[in-house]
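Read the structure below first, then the notes.
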Amino acid sequence: MRITYRRLALALLPLLLLGPAAAACGGGGDESSFRNGIEIISLTGDGQGDPAGDGDSVGVRYRGTLDDGSAFDSNAGGALLPVTIGAGRVIPGFDEALRGLRIGQTIVVRIPPELAYGERDESLVFEIPREQTPPGMKVGQRVQFGGVPGVITEITDEAVILDANHALAGQALTFEISIETLE
């Protein structure tokens, strides 16, 4: 049988059409893809119903980990996290991960610091004279000085060091996310 250009094109058409979709969903190999600044590591599940989009209210199950694999947050076994996509109530990268997700799908994404809690800002580390602080302060304590919330990172005889950066500032965050309800 002689293979014509037309037969070859028709035979390869499904591969050409499915290749980019599989890569965008994290299917196929170990390759991940990027969408609007977030890395999509994997997308699993068939999904049902319409894809989630801006303005949709969703109930989300999630688990967040750092690059070293340690978990920093999860709602496994608890209530679903209610999110209105695009409303700005969650970090931008989390919103982006929800867009296009369907009920029954699970996405794993890595969100860079600039789409999470931002880079660490050393100008948000304050040295407060010890005589201006109340007694009994402890390292690790969450406090508010002059309207600035932060964590005490060091106490010396002369000063208390207050870090007003978010605890996850400067960190890339990996989330495993699934939408369980969509309105």
Indicate the atoms forming the closest heavy-atom contact of [X] with [Y], along with that distance.
X	Y	answer
L162	I152	CD1-N, 4.3 Å
G100	P51	O-CB, 3.5 Å
A52	I85	CB-CD1, 3.5 Å
P113	A172	CG-N, 3.9 Å
N75	L81	ND2-N, 3.3 Å
G45	Q105	O-CG, 3.6 Å

(message) Main chain of P129, side chain of Q132: is a donor-acceptor contact present, judged purely on distance under 3.5 Å?
(response) no
(message) Do L124 and Y117 land in one hydrophobic cluster if side-chain heavy atoms of ILVMFWY residues count as linked below 4.5 Å?
(response) no
(request) Could you state whether M137 and V139 fall into the same hydrophobic cluster, counting links through intermediate Ile, Leu, Val, Met, Phe, Trp or Tyr residues with side-chain heavy atoms under 4.5 angstrom apart? (result) yes
How long is the gap from [atom1] on [X] to [atom2] on [Y], to the nearest 0.5 Å?
X	Y	atom1	atom2	value
I155	T133	CD1	OG1	7.5 Å
I128	F145	CD1	CZ	4.5 Å
T65	Q171	OG1	CD	11.0 Å
L43	I177	CG	CD1	11.0 Å
D46	I103	CG	CD1	13.5 Å
E114	E119	CD	CD	6.0 Å

(message) Working note: V109 + I41, criterion side-chain contact (heavy atoms from CB on, under 4.5 Å); need CA distance, chi angles, decisive distance, verdict.
(response) CA-CA 5 Å; V109 296; I41 298 169; over 6 Å; no
Pair [X] + [Y], salt bridge at N-O below 4.0 Å:
X	Y	result
D157	R130	no
D67	R110	yes
E180	R61	yes

So do the side chains of [X] and [Y] get within less than 4.5 Å of each other, counting heavy atoms only?
X	Y	value
D56	T84	no
T181	I179	no
I40	F34	no
V60	L80	no
L66	L168	yes
I91	L173	yes

(request) For residues F175 and F94, establish whether the separation of their ring centroids is below 6.0 Å. (result) yes
(request) Can you sort out the partners of R120 under salt bridge (charged side-chain N to carboxylate O under 4.0 Å, His left out), two or more places apart, ordered by chain and number? (result) E122, D163
(message) Working note: R35 + E96, criterion side-chain contact (heavy atoms from CB on, under 4.5 Å); need CA distance, chi angles, decisive distance, verdict.
(response) CA-CA 8 Å; R35 182 179 74 211; E96 185 57 40; 2.9 Å; yes
(request) Assess whether side-chain hydrogen bond (donor to acceptor under 3.5 Å, both in side chains) is satisfied between S32 and E39, documenting all intermediate values. (result) CA-CA 7 Å; S32 57; E39 180 181 3; 2.6 Å; yes
(request) Mind running side-chain hydrogen bond (donor to acceptor under 3.5 Å, both in side chains) on D73 and Y62 for me, showing each step along the way? (result) CA-CA 8 Å; D73 198 8; Y62 70 92; 2.9 Å; yes
(request) Let me see the working for D54 and R99 under salt bridge (charged side-chain N to carboxylate O under 4.0 Å, His left out), right down to the final yes or no. (result) CA-CA 7 Å; D54 285 347; R99 290 183 180 101; 2.7 Å; yes
